[in-house]
Amino acid sequence: MLNDLTRICSLKDNVGKTVTIGGWVYHSRPGGKVIFLVVRDGSGLCQCIIEKTTVPEELFRQLSHLGMESSLTLTGAVRADGRSVGGYEIAVTDAKIFCPTQDYPITPKAHGIDFLLKNRHLHLRSQRQWGIGKIRHTVVNAIRQFFNDNGFTLVDTPILTGIVGEEAGSLFNVDYFEMPAFLTQTGQLHLECAALSFGKVYCFGPTFRAEKSKTRRHLTEFWMVEPEVAFVTLPDLLEIAENFVSFIVKQVLEKNEEELKTLGADIESLKKITPPFYRLTYTQASEILTSQKTQDFLAAQLDEFKKLKQEIENKIAALEIETKGQIKQWRQDKITAELIDLRSDLAEIETKIENNPKHAKLASEFKWGGDLGGSDETIISLMYDKPVFVTHYPRDAKAFYMKQDPENPKVVQNFDMLAPAGFGEIIGGSVREDIYEKLLARINEEGYKLENYQWYLDLRRYGSVPHGGFGLGVERTIAWLTGEKHIRQCIAFPRMMDKILI
RNA sequence: UCCCCGAUAGCUCAACUGGUAGAGCGAGCGGCUGUUAACCGCUAGGUCGUAGGUUCGAAUCCUACUCGGGGAGCCA
């Protein structure tokens, strides 16, 4: 059966031929003499025309009562037609219904996020989720291709682990035959072992964080890719990271322009993402945050928000007046839909207006020594049109394995990469401490149990070399590329704080 | 753990600030149409998140709780 089917994406090569497609009813407009069925098959959408005179009467009757997401195969001649979604349509002569569906819960109208998450098993079929899924596929492929083409060896690091990368406290505990174990939150430490075997390695898989974070940037299970390279300096790492991210962006632009458009992504901005990216030290970043320029920037932003709020309010008021007058039903419907959108925009802008002074205060009171907060990162990334590297964070704010900077012992050789347009951090990485005595001192300083780290210290005892790497969050990257506000839409089955739906 | 917002029909929202719960979509039936989130008519559908309280009267006001959303901390 499968081999007899033509995929909708290849209809363009079959104009004039009679083909059979298999899919699901995306939209149905039944009529007395003609039925318009928009069908999706996972590769695209196609409008199928069923005329009463060309199919058996019983079949026509059945097709006219098909609900959304009914499954079927349709046979007919392919023809090009500009009025049709996708540009091609099928003049149906035969059809086979597999499952007539009624009461499909997700309608073409607006739905709330809670409802859609509870119906994620069905929502995956929607155009939006489908587009994000296609882009995710490209991103994942690009990640693998980049490292494979650049001499990296894939190493699969364990998901169940007894060791901890950074501070504990945010890990999922597992009862491992009555022994304590965790779900991995990074493959880095294992990857360092492998880097001293293969030179350049990467791992790619799910990672788990039990952080109590309910924000648009957090999932408890997410996918992370981590390269680790021997004989590397911090500038080397930045170069790898900017080439890597630029490659992903380029691939998505090449392969998913249609999906990006559907999703409303900022394609022009993405086209600017080419090396080199901007480079700031933590100290420079902190100077920016506390500068008058930043206060002015935020004040200007606040004015912008207020202006926008006023505009939205004016629009709402105008529409509300219009609804009270004598107008056609279809116009009334449109206004209702617009009002819902506008009210949600309004709520969002009000949140921004509320947060702006808080963020300004946090930025102005920023003290050298602390980690950059989420809002601080947002402010910096908003000021640039390309990703920004922030390097050399204070040693005290960072993990024990990061290499102390020989020129300034107060900082480490690490970096974060902030995506532009205020999305924030998508990469975190560092050069690792490769000197035995220094690493030992740091482990003791943190009060970690030395016996757990003997193997890690061995890497500094036997053929230690300068090495380092970074981790890129796949869902955050996809959210940035697609303009999706929340990363939970960027994975098929999101795991969020205290919540596993299916 | 803390702060802000919310919960009314299957879905998205109203109910003009205390006076008998409405609309659209969706669903069902019928009609009509090369239709584009089509259109027209009819039908079905609600203990207003839960528990108390104030009141002649509560979806509306108060308290607590539950659930959800956004944010802080932390982070990819």
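Hydrogens, waters and symmetry mates play no part in the numbers below; they use all other heavy atoms, side chains included. Letters A, B, ... mirror the listed sequences (proteins, then strands); counts begin at 1.
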Chi class for B/U17: syn within 90° of 0, otherwise anti: syn

Rounded distance in Å - CD (A/Q102) to C1' (B/A27): 8 Å

Whichever of A/I49 and A/L472 has its nearest RNA chain B nucleotide further upstream toward 5': A/I49

Closest to the A/E211 side chain, choosing from B/U12, B/U35, B/C74: B/C74

Salt bridge (Lys or Arg N to Asp or Glu O under 4.0 Å) partners of A/D156, counting only residues at least two apart: none

Option from A/Q489, A/K118, A/H486 for which side chain to side chain contact (heavy atoms under 4.5 Å, CB included) with A/I113 holds: A/Q489

Length of the line joining A/I35:CD1 and B/A38:P, which is rounded to integer Å: 15 Å

Interatomic distance, A/D416 atom CG to A/T391 atom OG1 [nearest 0.5 angstrom]: 10.0 Å

Base B/G34 paired with A/E89 side chain (donor-acceptor, <3.5 Å): yes

Between CD1 on residue A/I132 and CD on residue A/E475, distance to nearest 0.5 Å: 11.5 Å

Protein proximity profile, nucleotides 66-71 of chain B - base contact B, sugar-phosphate-only contact S, no contact -, cut-off 4.0 Å on heavy atoms: --SBSB

Candidate nucleotides B/C75, B/C11, B/U35, ranked by approach to the side chain of A/E377 - the nearest: B/C75

Ionic contact status for A/R395 with A/E433, cut-off 4.0 Å: no

Pairing of A/K386 and A/E242 as salt bridge, 4.0 angstrom limit: no

Centroid distance under 5.5 Å and plane angle under 30°, A/F36 vs B/G34: no

Nucleotide nearest A/Q47 (side chain, heavy atoms from C-beta), chosen from B/A76, B/G73, B/U35: B/U35

Position toward the 5' end of RNA chain B (nearest nucleotide), A/T107 or A/D81: A/T107

Spacing of A/L122 atom CG relative to B/G10 atom P, expressed in whole Å: 17 Å

Nearest listed nucleotide, side chain of A/H27, among B/A37, B/G34, B/C75: B/A37

